[in-house]
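Working notes, beginning with the structure itself.
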Amino acid sequence: MKQYLIKRVLLAAGILFAISIITFFVLNIIPGDPVALMLGDNADPQAIETVRHNLGMDKPLVQQYLEWITGFMTGNMGESYFQHKPVSSMLVTSFGYTARLAAVSYAVALALGLSIGIIAALNRGNAIDHTLMTLAVAGISAPSFWVAIVLQIFIGLRFKAIPISGLGKPAAYLLPCLSLGMRYAASIARITRTSMLEVMNQDFIRTARAKGLSRRRTVMVHMFRNALIPIITVVGTDLTTLFAGSMLTESVFNIPGMGALLVDNITKRDIPVVQGGVMVVAMLCVLIYLAVDLLYAAVDPNIRLGGDR
Amino acid sequence: MGERNRDASRGYYQESWRVLKRNPVAMVCMIIVILLTLVAVLAPFIAPYDPNAIDMPSKLKAPCPEHLFGCDEMGRDILSRCIYGCRISLSVGLVSQLIALVIGYFMGVCAGYFGGKVDAVISFMIQVFSSLPDLLLAMALMFALGRGLANLYIALGVLSWAKTARLIRGTVLQLKQKEYVQACRIDGGSSLRIIMRHLLPNCIPTLIITVTMGIPSAILSEASLSFLGLGVRSPMASWGAMISASKMFIRTSPFYSLFPGFCMIITVIAFNMLGDGLRDALDPKLRK
(Lines give C-alpha, C1' and ligand atoms only; values in the text may rest on other atoms or scores of the structure.)
Protein backbone atom coordinates (compact mmCIF):
# COMPACT_ATOMS: atom_id res chain seq x y z
CA MET A 1 0.00 0.00 0.00
CA LYS A 2 2.73 2.41 1.01
CA GLN A 3 4.65 1.61 -2.14
CA TYR A 4 1.56 2.17 -4.25
CA LEU A 5 0.95 5.47 -2.51
CA ILE A 6 4.45 6.76 -3.18
CA LYS A 7 4.33 5.57 -6.80
CA ARG A 8 0.98 7.24 -7.39
CA VAL A 9 2.04 10.57 -5.83
CA LEU A 10 5.25 10.62 -7.89
CA LEU A 11 3.24 9.91 -11.02
CA ALA A 12 0.90 12.80 -10.25
CA ALA A 13 3.89 15.10 -9.78
CA GLY A 14 5.34 13.92 -13.10
CA ILE A 15 2.03 14.51 -14.88
CA LEU A 16 1.81 18.02 -13.44
CA PHE A 17 5.33 18.79 -14.55
CA ALA A 18 4.56 17.59 -18.08
CA ILE A 19 1.35 19.62 -18.15
CA SER A 20 3.22 22.74 -17.08
CA ILE A 21 5.66 22.28 -19.97
CA ILE A 22 2.88 21.68 -22.51
CA THR A 23 0.86 24.65 -21.22
CA PHE A 24 3.81 27.01 -21.26
CA PHE A 25 5.06 26.14 -24.69
CA VAL A 26 1.63 25.92 -26.33
CA LEU A 27 0.76 29.36 -25.02
CA ASN A 28 4.08 31.01 -25.72
CA ILE A 29 4.82 29.81 -29.22
CA ILE A 30 2.03 31.73 -30.88
CA PRO A 31 1.82 33.65 -34.07
CA GLY A 32 1.23 37.33 -33.36
CA ASP A 33 3.19 39.30 -30.83
CA PRO A 34 1.02 40.16 -27.81
CA VAL A 35 3.09 43.28 -27.23
CA ALA A 36 2.39 44.62 -30.71
CA LEU A 37 -1.29 43.91 -30.04
CA MET A 38 -1.05 45.64 -26.67
CA LEU A 39 0.48 48.84 -28.06
CA GLY A 40 -1.69 49.06 -31.14
CA ASP A 41 -0.90 49.05 -34.84
CA ASN A 42 1.20 52.18 -35.03
CA ALA A 43 3.53 51.43 -32.14
CA ASP A 44 7.14 52.27 -32.75
CA PRO A 45 9.47 49.22 -32.84
CA GLN A 46 11.69 50.79 -30.19
CA ALA A 47 8.77 50.97 -27.75
CA ILE A 48 7.81 47.38 -28.53
CA GLU A 49 11.36 46.28 -27.73
CA THR A 50 11.31 48.14 -24.41
CA VAL A 51 8.04 46.59 -23.32
CA ARG A 52 9.21 43.13 -24.39
CA HIS A 53 12.31 43.66 -22.30
CA ASN A 54 10.35 44.85 -19.27
CA LEU A 55 8.08 41.82 -19.47
CA GLY A 56 11.07 39.50 -19.80
CA MET A 57 9.91 38.32 -23.22
CA ASP A 58 13.29 38.77 -24.87
CA LYS A 59 14.84 36.03 -22.76
CA PRO A 60 15.18 32.49 -24.13
CA LEU A 61 11.94 30.49 -23.76
CA VAL A 62 13.52 27.87 -21.51
CA GLN A 63 14.67 30.53 -19.09
CA GLN A 64 11.23 32.15 -19.19
CA TYR A 65 9.69 28.75 -18.41
CA LEU A 66 11.99 28.14 -15.45
CA GLU A 67 11.25 31.58 -14.04
CA TRP A 68 7.53 31.05 -14.49
CA ILE A 69 7.43 27.59 -12.93
CA THR A 70 9.54 28.55 -9.91
CA GLY A 71 7.28 31.56 -9.43
CA PHE A 72 4.20 29.36 -9.81
CA MET A 73 5.38 27.00 -7.11
CA THR A 74 5.79 29.85 -4.67
CA GLY A 75 2.36 31.22 -5.54
CA ASN A 76 3.64 34.06 -7.71
CA MET A 77 2.08 33.67 -11.15
CA GLY A 78 3.19 36.98 -12.56
CA GLU A 79 1.15 40.00 -13.43
CA SER A 80 -1.57 40.51 -16.02
CA TYR A 81 -0.32 42.38 -19.11
CA PHE A 82 -3.36 44.59 -19.31
CA GLN A 83 -4.85 44.89 -15.85
CA HIS A 84 -1.52 45.16 -13.97
CA LYS A 85 -2.89 43.03 -11.15
CA PRO A 86 -1.23 39.88 -9.82
CA VAL A 87 -2.63 36.85 -11.66
CA SER A 88 -3.05 34.93 -8.41
CA SER A 89 -5.49 37.43 -6.95
CA MET A 90 -7.51 37.51 -10.18
CA LEU A 91 -7.68 33.72 -10.12
CA VAL A 92 -8.76 33.58 -6.49
CA THR A 93 -11.69 35.93 -7.10
CA SER A 94 -13.02 34.14 -10.15
CA PHE A 95 -12.30 30.71 -8.78
CA GLY A 96 -14.66 31.45 -5.89
CA TYR A 97 -17.57 31.80 -8.31
CA THR A 98 -16.67 28.70 -10.28
CA ALA A 99 -16.18 26.60 -7.16
CA ARG A 100 -19.54 27.61 -5.69
CA LEU A 101 -21.33 27.00 -8.97
CA ALA A 102 -19.62 23.64 -9.44
CA ALA A 103 -20.23 22.46 -5.87
CA VAL A 104 -23.95 23.27 -5.79
CA SER A 105 -24.44 21.86 -9.29
CA TYR A 106 -22.76 18.62 -8.43
CA ALA A 107 -24.78 18.27 -5.25
CA VAL A 108 -27.92 18.65 -7.37
CA ALA A 109 -26.53 16.13 -9.86
CA LEU A 110 -25.75 13.55 -7.17
CA ALA A 111 -29.16 13.85 -5.55
CA LEU A 112 -31.01 13.61 -8.87
CA GLY A 113 -28.73 11.05 -10.50
CA LEU A 114 -28.56 8.57 -7.63
CA SER A 115 -32.31 8.61 -7.05
CA ILE A 116 -33.16 8.34 -10.74
CA GLY A 117 -30.65 5.50 -11.16
CA ILE A 118 -32.03 3.56 -8.19
CA ILE A 119 -35.65 4.10 -9.23
CA ALA A 120 -34.88 2.98 -12.79
CA ALA A 121 -33.05 -0.13 -11.58
CA LEU A 122 -35.93 -1.11 -9.30
CA ASN A 123 -38.35 -0.71 -12.21
CA ARG A 124 -36.17 -2.51 -14.73
CA GLY A 125 -37.80 -3.03 -18.10
CA ASN A 126 -41.04 -1.16 -17.49
CA ALA A 127 -42.24 2.23 -18.68
CA ILE A 128 -40.74 4.19 -15.77
CA ASP A 129 -37.31 2.73 -16.50
CA HIS A 130 -37.54 3.44 -20.23
CA THR A 131 -38.71 7.02 -19.72
CA LEU A 132 -36.01 7.80 -17.18
CA MET A 133 -33.26 6.27 -19.29
CA THR A 134 -34.40 8.07 -22.44
CA LEU A 135 -34.28 11.31 -20.48
CA ALA A 136 -30.79 10.38 -19.31
CA VAL A 137 -29.55 9.85 -22.87
CA ALA A 138 -31.02 13.21 -23.85
CA GLY A 139 -29.36 14.78 -20.80
CA ILE A 140 -25.96 13.44 -21.82
CA SER A 141 -26.37 14.52 -25.43
CA ALA A 142 -27.65 18.05 -24.88
CA PRO A 143 -24.94 20.70 -24.57
CA SER A 144 -25.19 22.25 -21.10
CA PHE A 145 -25.00 25.80 -22.45
CA TRP A 146 -28.03 25.15 -24.61
CA VAL A 147 -29.97 23.61 -21.72
CA ALA A 148 -29.09 26.76 -19.79
CA ILE A 149 -30.61 28.99 -22.46
CA VAL A 150 -33.72 26.80 -22.70
CA LEU A 151 -34.17 27.04 -18.92
CA GLN A 152 -33.79 30.81 -19.15
CA ILE A 153 -36.48 30.95 -21.83
CA PHE A 154 -39.00 28.62 -20.19
CA ILE A 155 -38.39 29.31 -16.48
CA GLY A 156 -36.28 32.44 -16.05
CA LEU A 157 -38.40 34.70 -18.22
CA ARG A 158 -41.69 33.41 -16.77
CA PHE A 159 -40.88 33.83 -13.07
CA LYS A 160 -39.62 37.22 -11.97
CA ALA A 161 -38.21 35.79 -8.72
CA ILE A 162 -35.62 33.72 -10.59
CA PRO A 163 -32.80 35.88 -11.96
CA ILE A 164 -31.15 34.86 -15.21
CA SER A 165 -27.77 36.40 -14.59
CA GLY A 166 -25.15 36.63 -11.85
CA LEU A 167 -24.98 34.68 -8.60
CA GLY A 168 -26.18 37.43 -6.26
CA LYS A 169 -29.32 36.01 -4.65
CA PRO A 170 -29.69 32.38 -3.56
CA ALA A 171 -32.47 32.00 -6.16
CA ALA A 172 -29.93 32.90 -8.83
CA TYR A 173 -28.25 29.53 -8.28
CA LEU A 174 -31.32 27.63 -9.43
CA LEU A 175 -31.00 27.82 -13.21
CA PRO A 176 -27.20 27.62 -13.59
CA CYS A 177 -26.97 24.69 -11.19
CA LEU A 178 -29.88 22.88 -12.78
CA SER A 179 -28.47 23.24 -16.28
CA LEU A 180 -24.96 22.26 -15.29
CA GLY A 181 -26.14 19.52 -12.93
CA MET A 182 -28.48 17.91 -15.47
CA ARG A 183 -25.68 16.50 -17.61
CA TYR A 184 -23.95 14.93 -14.64
CA ALA A 185 -27.22 13.72 -13.15
CA ALA A 186 -27.78 11.86 -16.41
CA SER A 187 -24.42 10.10 -16.39
CA ILE A 188 -24.67 9.28 -12.66
CA ALA A 189 -28.18 7.88 -13.23
CA ARG A 190 -26.94 5.60 -16.01
CA ILE A 191 -24.01 4.17 -14.09
CA THR A 192 -26.04 3.82 -10.88
CA ARG A 193 -28.69 1.85 -12.75
CA THR A 194 -26.16 -0.51 -14.39
CA SER A 195 -24.26 -0.97 -11.18
CA MET A 196 -27.40 -1.63 -9.13
CA LEU A 197 -28.64 -4.17 -11.67
CA GLU A 198 -25.36 -6.04 -11.43
CA VAL A 199 -25.52 -6.22 -7.65
CA MET A 200 -29.23 -7.05 -7.62
CA ASN A 201 -28.80 -10.57 -8.97
CA GLN A 202 -26.18 -11.62 -6.48
CA ASP A 203 -26.71 -14.22 -3.80
CA PHE A 204 -26.19 -11.98 -0.82
CA ILE A 205 -29.14 -9.84 -1.83
CA ARG A 206 -31.39 -12.86 -1.92
CA THR A 207 -29.98 -13.92 1.44
CA ALA A 208 -30.69 -10.50 2.90
CA ARG A 209 -34.30 -10.62 1.72
CA ALA A 210 -34.66 -14.24 2.82
CA LYS A 211 -33.51 -13.52 6.33
CA GLY A 212 -36.35 -11.04 6.57
CA LEU A 213 -34.79 -7.61 5.96
CA SER A 214 -37.17 -5.03 4.58
CA ARG A 215 -37.00 -4.18 0.91
CA ARG A 216 -35.98 -0.63 1.75
CA ARG A 217 -33.11 -1.73 3.95
CA THR A 218 -31.90 -4.27 1.39
CA VAL A 219 -31.87 -1.65 -1.33
CA MET A 220 -30.24 1.14 0.61
CA VAL A 221 -27.73 -0.76 2.72
CA HIS A 222 -26.86 -3.93 0.87
CA MET A 223 -27.34 -3.08 -2.77
CA PHE A 224 -26.43 0.57 -2.90
CA ARG A 225 -23.26 0.20 -0.87
CA ASN A 226 -21.97 -2.52 -3.11
CA ALA A 227 -22.92 -0.61 -6.22
CA LEU A 228 -20.88 2.38 -5.12
CA ILE A 229 -17.43 1.49 -6.50
CA PRO A 230 -18.14 2.11 -10.20
CA ILE A 231 -20.04 5.22 -9.19
CA ILE A 232 -16.98 6.64 -7.41
CA THR A 233 -14.96 6.38 -10.64
CA VAL A 234 -17.58 8.28 -12.59
CA VAL A 235 -17.75 10.95 -9.92
CA GLY A 236 -13.98 11.42 -10.17
CA THR A 237 -14.04 11.86 -13.94
CA ASP A 238 -17.07 14.14 -13.67
CA LEU A 239 -15.40 16.46 -11.18
CA THR A 240 -12.61 17.16 -13.63
CA THR A 241 -14.93 18.01 -16.52
CA LEU A 242 -17.14 19.96 -14.14
CA PHE A 243 -14.75 22.92 -14.24
CA ALA A 244 -14.83 22.96 -18.00
CA GLY A 245 -18.62 22.64 -18.00
CA SER A 246 -19.04 25.46 -15.55
CA MET A 247 -17.05 27.77 -17.85
CA LEU A 248 -19.80 27.45 -20.44
CA THR A 249 -22.59 27.89 -17.93
CA GLU A 250 -20.87 30.99 -16.55
CA SER A 251 -20.86 32.48 -19.99
CA VAL A 252 -24.65 32.04 -20.34
CA PHE A 253 -25.45 33.52 -16.94
CA ASN A 254 -22.80 36.27 -16.93
CA ILE A 255 -21.03 34.86 -13.90
CA PRO A 256 -17.50 36.30 -13.57
CA GLY A 257 -15.84 32.92 -12.88
CA MET A 258 -12.81 31.10 -14.28
CA GLY A 259 -14.51 30.53 -17.61
CA ALA A 260 -15.15 34.20 -18.18
CA LEU A 261 -11.63 35.04 -17.03
CA LEU A 262 -10.01 32.53 -19.41
CA VAL A 263 -12.15 33.38 -22.43
CA ASP A 264 -11.68 37.12 -21.94
CA ASN A 265 -7.96 36.84 -21.63
CA ILE A 266 -7.59 34.39 -24.48
CA THR A 267 -9.24 37.00 -26.70
CA LYS A 268 -6.96 39.71 -25.33
CA ARG A 269 -3.92 37.40 -25.50
CA ASP A 270 -3.03 38.11 -21.88
CA ILE A 271 -0.68 35.14 -21.58
CA PRO A 272 0.14 35.19 -17.83
CA VAL A 273 -3.54 35.04 -16.89
CA VAL A 274 -4.39 32.24 -19.33
CA GLN A 275 -1.29 30.32 -18.32
CA GLY A 276 -2.06 30.61 -14.61
CA GLY A 277 -5.72 29.72 -15.11
CA VAL A 278 -5.04 26.65 -17.24
CA MET A 279 -2.37 25.45 -14.83
CA VAL A 280 -4.55 25.87 -11.74
CA VAL A 281 -7.46 23.97 -13.30
CA ALA A 282 -5.08 21.26 -14.53
CA MET A 283 -3.59 20.96 -11.07
CA LEU A 284 -7.02 20.54 -9.51
CA CYS A 285 -7.87 17.82 -12.01
CA VAL A 286 -4.68 15.89 -11.34
CA LEU A 287 -5.29 16.14 -7.58
CA ILE A 288 -8.86 14.88 -8.02
CA TYR A 289 -7.66 11.88 -10.04
CA LEU A 290 -5.06 11.21 -7.36
CA ALA A 291 -7.71 11.37 -4.63
CA VAL A 292 -10.02 9.03 -6.57
CA ASP A 293 -7.21 6.51 -7.11
CA LEU A 294 -6.24 6.56 -3.46
CA LEU A 295 -9.88 6.22 -2.41
CA TYR A 296 -10.16 3.32 -4.79
CA ALA A 297 -7.05 1.71 -3.34
CA ALA A 298 -8.51 2.07 0.13
CA VAL A 299 -11.74 0.35 -0.96
CA ASP A 300 -10.41 -2.31 -3.32
CA PRO A 301 -8.31 -5.02 -1.64
CA ASN A 302 -6.78 -6.06 -4.98
CA ILE A 303 -4.85 -2.82 -5.13
CA ARG A 304 -4.37 -2.42 -1.40
CA LEU A 305 -2.65 -5.77 -1.01
CA GLY A 306 -0.10 -5.28 -3.77
CA GLY A 307 -0.10 -6.64 -7.29
CA ASP A 308 2.20 -5.02 -9.79
CA ARG A 309 0.41 -1.74 -10.34
CA MET B 1 -3.84 -19.23 -45.12
CA GLY B 2 -4.46 -15.65 -46.17
CA GLU B 3 -7.61 -16.83 -47.95
CA ARG B 4 -8.94 -18.53 -44.89
CA ASN B 5 -8.17 -15.47 -42.76
CA ARG B 6 -10.18 -13.30 -45.07
CA ASP B 7 -13.10 -15.74 -45.02
CA ALA B 8 -13.06 -15.80 -41.25
CA SER B 9 -13.06 -12.04 -41.03
CA ARG B 10 -15.85 -11.75 -43.58
CA GLY B 11 -17.89 -14.12 -41.42
CA TYR B 12 -17.19 -11.95 -38.40
CA TYR B 13 -18.39 -8.74 -40.04
CA GLN B 14 -21.44 -10.50 -41.54
CA GLU B 15 -22.31 -11.77 -38.11
CA SER B 16 -21.86 -8.29 -36.61
CA TRP B 17 -24.08 -6.79 -39.28
CA ARG B 18 -26.73 -9.40 -38.53
CA VAL B 19 -26.63 -8.50 -34.82
CA LEU B 20 -26.76 -4.79 -35.62
CA LYS B 21 -29.72 -5.23 -37.97
CA ARG B 22 -31.73 -6.79 -35.18
CA ASN B 23 -31.20 -3.71 -32.97
CA PRO B 24 -33.99 -1.29 -33.93
CA VAL B 25 -32.60 1.70 -31.99
CA ALA B 26 -29.20 1.38 -33.64
CA MET B 27 -30.78 1.01 -37.08
CA VAL B 28 -32.93 4.13 -36.64
CA CYS B 29 -29.83 6.02 -35.49
CA MET B 30 -27.88 4.72 -38.45
CA ILE B 31 -30.56 6.04 -40.82
CA ILE B 32 -30.44 9.42 -39.03
CA VAL B 33 -26.66 9.49 -39.37
CA ILE B 34 -26.92 8.69 -43.08
CA LEU B 35 -29.53 11.43 -43.54
CA LEU B 36 -27.37 13.94 -41.67
CA THR B 37 -24.42 13.01 -43.84
CA LEU B 38 -26.53 13.59 -46.94
CA VAL B 39 -27.66 16.96 -45.58
CA ALA B 40 -24.03 17.90 -44.92
CA VAL B 41 -22.80 16.81 -48.34
CA LEU B 42 -25.72 18.25 -50.30
CA ALA B 43 -26.03 21.45 -48.23
CA PRO B 44 -25.76 23.85 -51.20
CA PHE B 45 -28.61 22.03 -52.98
CA ILE B 46 -30.97 21.62 -50.03
CA ALA B 47 -30.55 24.95 -48.27
CA PRO B 48 -33.38 27.26 -49.37
CA TYR B 49 -31.22 30.40 -48.98
CA ASP B 50 -27.59 31.44 -48.92
CA PRO B 51 -26.65 30.92 -45.22
CA ASN B 52 -24.73 34.21 -45.15
CA ALA B 53 -27.09 36.39 -47.18
CA ILE B 54 -27.96 39.39 -45.02
CA ASP B 55 -31.52 40.68 -45.30
CA MET B 56 -32.09 43.32 -42.64
CA PRO B 57 -35.87 43.82 -43.26
CA SER B 58 -36.61 40.24 -42.16
CA LYS B 59 -34.41 40.48 -39.07
CA LEU B 60 -35.48 38.09 -36.26
CA LYS B 61 -38.55 37.08 -38.24
CA ALA B 62 -40.48 34.29 -36.52
CA PRO B 63 -40.84 30.95 -38.31
CA CYS B 64 -43.18 31.24 -41.32
CA PRO B 65 -43.72 29.34 -44.59
CA GLU B 66 -40.86 31.19 -46.35
CA HIS B 67 -38.45 30.79 -43.43
CA LEU B 68 -39.38 27.56 -41.65
CA PHE B 69 -36.95 28.15 -38.74
CA GLY B 70 -37.23 31.96 -38.86
CA CYS B 71 -34.44 34.49 -39.38
CA ASP B 72 -31.53 35.61 -37.21
CA GLU B 73 -30.46 39.08 -36.12
CA MET B 74 -29.18 39.88 -39.62
CA GLY B 75 -32.15 38.40 -41.44
CA ARG B 76 -30.22 35.28 -42.44
CA ASP B 77 -32.35 32.15 -42.85
CA ILE B 78 -31.88 29.97 -39.75
CA LEU B 79 -32.84 26.74 -41.54
CA SER B 80 -30.12 27.30 -44.14
CA ARG B 81 -27.63 28.12 -41.42
CA CYS B 82 -28.58 24.95 -39.53
CA ILE B 83 -28.04 22.94 -42.71
CA TYR B 84 -24.60 24.44 -43.26
CA GLY B 85 -23.92 24.01 -39.53
CA CYS B 86 -24.48 20.29 -39.99
CA ARG B 87 -21.65 20.37 -42.51
CA ILE B 88 -19.29 21.98 -40.01
CA SER B 89 -20.26 19.71 -37.13
CA LEU B 90 -19.97 16.48 -39.09
CA SER B 91 -16.72 17.47 -40.75
CA VAL B 92 -15.19 18.50 -37.43
CA GLY B 93 -16.36 15.23 -35.88
CA LEU B 94 -15.06 13.07 -38.70
CA VAL B 95 -11.75 14.78 -39.52
CA SER B 96 -10.71 15.26 -35.90
CA GLN B 97 -11.49 11.63 -35.12
CA LEU B 98 -9.52 10.43 -38.14
CA ILE B 99 -6.53 12.46 -36.94
CA ALA B 100 -7.01 10.98 -33.47
CA LEU B 101 -7.29 7.52 -35.01
CA VAL B 102 -4.00 7.74 -36.89
CA ILE B 103 -2.05 9.14 -33.93
CA GLY B 104 -3.87 6.92 -31.45
CA TYR B 105 -3.40 3.71 -33.43
CA PHE B 106 0.28 4.36 -34.00
CA MET B 107 0.97 5.24 -30.35
CA GLY B 108 -1.22 2.44 -28.98
CA VAL B 109 0.32 -0.21 -31.21
CA CYS B 110 3.86 0.89 -30.37
CA ALA B 111 3.10 0.87 -26.66
CA GLY B 112 1.39 -2.51 -26.72
CA TYR B 113 3.69 -4.24 -29.18
CA PHE B 114 7.13 -3.05 -28.10
CA GLY B 115 6.38 -2.79 -24.36
CA GLY B 116 9.18 -1.83 -21.98
CA LYS B 117 10.47 1.74 -22.15
CA VAL B 118 8.40 2.65 -25.24
CA ASP B 119 5.28 1.56 -23.39
CA ALA B 120 6.29 3.47 -20.27
CA VAL B 121 6.80 6.72 -22.18
CA ILE B 122 3.61 6.41 -24.25
CA SER B 123 1.50 5.36 -21.28
CA PHE B 124 2.77 8.38 -19.38
CA MET B 125 1.80 10.65 -22.28
CA ILE B 126 -1.64 9.04 -22.40
CA GLN B 127 -2.06 9.81 -18.72
CA VAL B 128 -0.92 13.40 -19.13
CA PHE B 129 -3.43 13.98 -21.93
CA SER B 130 -6.27 12.29 -20.13
CA SER B 131 -5.77 14.28 -16.92
CA LEU B 132 -6.65 17.54 -18.65
CA PRO B 133 -10.30 18.39 -19.25
CA ASP B 134 -10.87 18.29 -23.04
CA LEU B 135 -12.29 21.77 -23.23
CA LEU B 136 -9.42 23.36 -21.33
CA LEU B 137 -6.77 21.84 -23.58
CA ALA B 138 -8.84 22.72 -26.64
CA MET B 139 -9.05 26.32 -25.44
CA ALA B 140 -5.29 26.50 -24.99
CA LEU B 141 -4.70 25.00 -28.43
CA MET B 142 -7.16 27.36 -30.09
CA PHE B 143 -5.39 30.22 -28.31
CA ALA B 144 -2.14 29.13 -29.90
CA LEU B 145 -3.50 28.24 -33.34
CA GLY B 146 -6.10 30.99 -33.69
CA ARG B 147 -9.72 30.55 -34.69
CA GLY B 148 -10.76 28.71 -37.84
CA LEU B 149 -12.10 25.40 -39.10
CA ALA B 150 -8.77 23.77 -39.93
CA ASN B 151 -7.43 24.64 -36.51
CA LEU B 152 -10.49 23.06 -34.92
CA TYR B 153 -9.75 19.80 -36.76
CA ILE B 154 -6.20 19.84 -35.44
CA ALA B 155 -7.00 20.89 -31.86
CA LEU B 156 -9.81 18.38 -31.40
CA GLY B 157 -7.83 15.62 -33.12
CA VAL B 158 -4.77 16.18 -30.98
CA LEU B 159 -6.73 16.08 -27.77
CA SER B 160 -8.63 12.88 -28.43
CA TRP B 161 -5.78 10.60 -29.50
CA ALA B 162 -5.18 9.41 -25.93
CA LYS B 163 -8.50 7.55 -25.67
CA THR B 164 -7.87 5.65 -28.90
CA ALA B 165 -4.29 4.89 -27.91
CA ARG B 166 -5.34 3.47 -24.55
CA LEU B 167 -7.90 1.11 -26.09
CA ILE B 168 -5.56 0.00 -28.89
CA ARG B 169 -2.77 -0.64 -26.40
CA GLY B 170 -5.08 -2.91 -24.42
CA THR B 171 -6.24 -4.77 -27.53
CA VAL B 172 -2.67 -5.25 -28.79
CA LEU B 173 -1.50 -6.57 -25.42
CA GLN B 174 -4.09 -9.34 -25.77
CA LEU B 175 -3.42 -10.01 -29.46
CA LYS B 176 0.31 -10.29 -28.90
CA GLN B 177 -0.22 -13.56 -27.04
CA LYS B 178 -2.18 -15.15 -29.90
CA GLU B 179 -0.59 -18.08 -31.73
CA TYR B 180 -0.73 -16.55 -35.20
CA VAL B 181 1.19 -13.48 -34.08
CA GLN B 182 3.76 -15.64 -32.32
CA ALA B 183 3.95 -17.87 -35.39
CA CYS B 184 4.58 -14.92 -37.68
CA ARG B 185 7.33 -13.69 -35.40
CA ILE B 186 9.02 -17.09 -35.20
CA ASP B 187 8.68 -17.26 -38.97
CA GLY B 188 10.88 -14.16 -39.13
CA GLY B 189 8.09 -11.67 -39.91
CA SER B 190 9.16 -8.07 -39.35
CA SER B 191 7.52 -5.91 -36.72
CA LEU B 192 6.02 -3.70 -39.43
CA ARG B 193 4.49 -6.74 -41.11
CA ILE B 194 2.99 -7.96 -37.85
CA ILE B 195 1.62 -4.52 -37.02
CA MET B 196 0.05 -3.92 -40.43
CA ARG B 197 -0.99 -7.46 -41.46
CA HIS B 198 -1.98 -9.07 -38.19
CA LEU B 199 -2.64 -6.42 -35.59
CA LEU B 200 -4.37 -3.76 -37.71
CA PRO B 201 -7.21 -5.96 -39.04
CA ASN B 202 -7.90 -7.16 -35.52
CA CYS B 203 -7.96 -3.61 -34.16
CA ILE B 204 -10.51 -2.42 -36.72
CA PRO B 205 -13.58 -3.20 -34.57
CA THR B 206 -12.05 -1.18 -31.71
CA LEU B 207 -11.24 1.64 -34.11
CA ILE B 208 -14.77 1.69 -35.56
CA ILE B 209 -16.22 1.96 -32.06
CA THR B 210 -13.83 4.70 -30.88
CA VAL B 211 -14.41 6.82 -33.98
CA THR B 212 -18.19 6.52 -33.71
CA MET B 213 -18.11 7.32 -30.01
CA GLY B 214 -15.55 10.10 -30.50
CA ILE B 215 -17.54 11.99 -33.14
CA PRO B 216 -20.34 13.18 -30.82
CA SER B 217 -17.88 14.43 -28.20
CA ALA B 218 -15.88 16.25 -30.87
CA ILE B 219 -19.13 17.81 -32.11
CA LEU B 220 -19.96 18.94 -28.57
CA SER B 221 -16.44 20.34 -28.11
CA GLU B 222 -16.64 22.26 -31.37
CA ALA B 223 -20.00 23.72 -30.36
CA SER B 224 -18.62 24.67 -26.94
CA LEU B 225 -15.58 26.36 -28.45
CA SER B 226 -17.66 28.20 -31.03
CA PHE B 227 -20.10 29.14 -28.29
CA LEU B 228 -17.24 30.73 -26.34
CA GLY B 229 -16.08 32.52 -29.49
CA LEU B 230 -12.97 30.34 -29.83
CA GLY B 231 -14.15 28.12 -32.67
CA VAL B 232 -15.08 28.97 -36.24
CA ARG B 233 -14.69 32.48 -37.59
CA SER B 234 -17.84 34.47 -38.26
CA PRO B 235 -19.93 34.49 -40.39
CA MET B 236 -19.52 30.72 -40.59
CA ALA B 237 -22.73 28.99 -39.47
CA SER B 238 -21.75 26.69 -36.63
CA TRP B 239 -24.50 25.46 -34.30
CA GLY B 240 -22.50 26.55 -31.26
CA ALA B 241 -21.90 30.02 -32.70
CA MET B 242 -25.59 30.35 -33.56
CA ILE B 243 -26.66 29.41 -30.02
CA SER B 244 -24.15 31.92 -28.69
CA ALA B 245 -25.51 34.71 -30.91
CA SER B 246 -29.09 33.85 -29.94
CA LYS B 247 -28.36 34.49 -26.25
CA MET B 248 -29.10 38.18 -26.74
CA PHE B 249 -32.56 37.60 -28.19
CA ILE B 250 -34.18 35.06 -25.88
CA ARG B 251 -36.81 37.57 -24.79
CA THR B 252 -38.05 38.39 -28.27
CA SER B 253 -37.09 35.38 -30.40
CA PRO B 254 -36.79 32.15 -28.40
CA PHE B 255 -37.07 30.09 -31.62
CA TYR B 256 -33.61 31.30 -32.59
CA SER B 257 -31.98 29.43 -29.69
CA LEU B 258 -34.11 26.32 -29.96
CA PHE B 259 -33.52 25.12 -33.54
CA PRO B 260 -29.72 24.83 -33.60
CA GLY B 261 -29.91 23.10 -30.22
CA PHE B 262 -32.39 20.52 -31.51
CA CYS B 263 -30.13 19.82 -34.50
CA MET B 264 -27.28 19.22 -32.12
CA ILE B 265 -29.16 16.93 -29.75
CA ILE B 266 -30.45 14.79 -32.61
CA THR B 267 -26.98 14.47 -34.11
CA VAL B 268 -25.25 13.68 -30.84
CA ILE B 269 -27.89 11.16 -29.72
CA ALA B 270 -27.82 9.43 -33.11
CA PHE B 271 -24.04 8.96 -33.00
CA ASN B 272 -24.03 7.92 -29.34
CA MET B 273 -26.73 5.28 -29.77
CA LEU B 274 -25.23 4.02 -33.02
CA GLY B 275 -21.92 3.73 -31.17
CA ASP B 276 -23.61 1.69 -28.43
CA GLY B 277 -25.17 -0.56 -31.04
CA LEU B 278 -21.88 -1.05 -32.88
CA ARG B 279 -20.14 -1.91 -29.65
CA ASP B 280 -22.72 -4.56 -28.86
CA ALA B 281 -22.54 -5.93 -32.40
CA LEU B 282 -18.75 -5.94 -32.80
CA ASP B 283 -17.81 -7.30 -29.40
CA PRO B 284 -17.92 -11.10 -29.66
CA LYS B 285 -18.00 -11.35 -25.88
CA LEU B 286 -21.37 -9.62 -25.77
CA ARG B 287 -22.79 -11.85 -28.51
CA LYS B 288 -25.04 -14.67 -27.56
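Labels below follow one simple rule: chain letters A, B, ... track the order of the sequence lines, proteins then strands, and each chain is numbered from 1. Hydrogens, waters and symmetry mates are skipped; everything else that's a heavy atom, side chains included, is used.
- Contacts of Pro216(B) with chain A are absent, with no heavy-atom separation under 4.5 Å from either backbone or side chain.
- Side-chain atoms of Leu135(B) and Phe243(A), non-hydrogen and from C-beta on, never get closer than 4.5 Å to each other.
- Within the 3.5 Å criterion, the main-chain N or O of Ile153(A) finds no donor-acceptor partner in the side chain of Arg251(B).
- One distance of note links CD of Gln152(A) with OG of Ser257(B); it measures 8.5 Å at 0.5 Å rounding.
- With a threshold of 4.5 angstrom between heavy atoms, Leu157(A) approaches chain B through side-chain atoms but not through N, CA, C or O.
- With chain B as partner, the option from Val281(A), Val263(A), Val252(A), Leu248(A) having the largest number of non-hydrogen pairs under 4.5 angstrom is Leu248(A).
- Closest heavy-atom contact between Trp146(A) and Leu258(B): CZ2-O, 3.6 Å.
- Put simply, CD1 on Ile149(A) and OG on Ser244(B) are 7.5 Å apart, with the number rounded to the nearest 0.5 Å.
- Here the side chains of Asp134(B) and Thr241(A) are not in contact, with every heavy-atom distance at 4.5 Å or above.
- Considering only residues two or more places apart in sequence or on other chains, Tyr256(B) meets the ring pair (Phe, Tyr, Trp, His ring centres under 6.0 Å) condition with none of them.
- Neither the backbone nor the side chain of Leu242(A) comes within less than 4.5 Å of any heavy atom in chain B.
- Rounding to the nearest 0.5 Å places OG of Ser217(B) at 12.0 Å from CD1 of Ile140(A).
- Applying the side-chain hydrogen bond (donor to acceptor under 3.5 Å, both in side chains) criterion to Arg166(B), with sequence neighbours excluded, gives Ser130(B).
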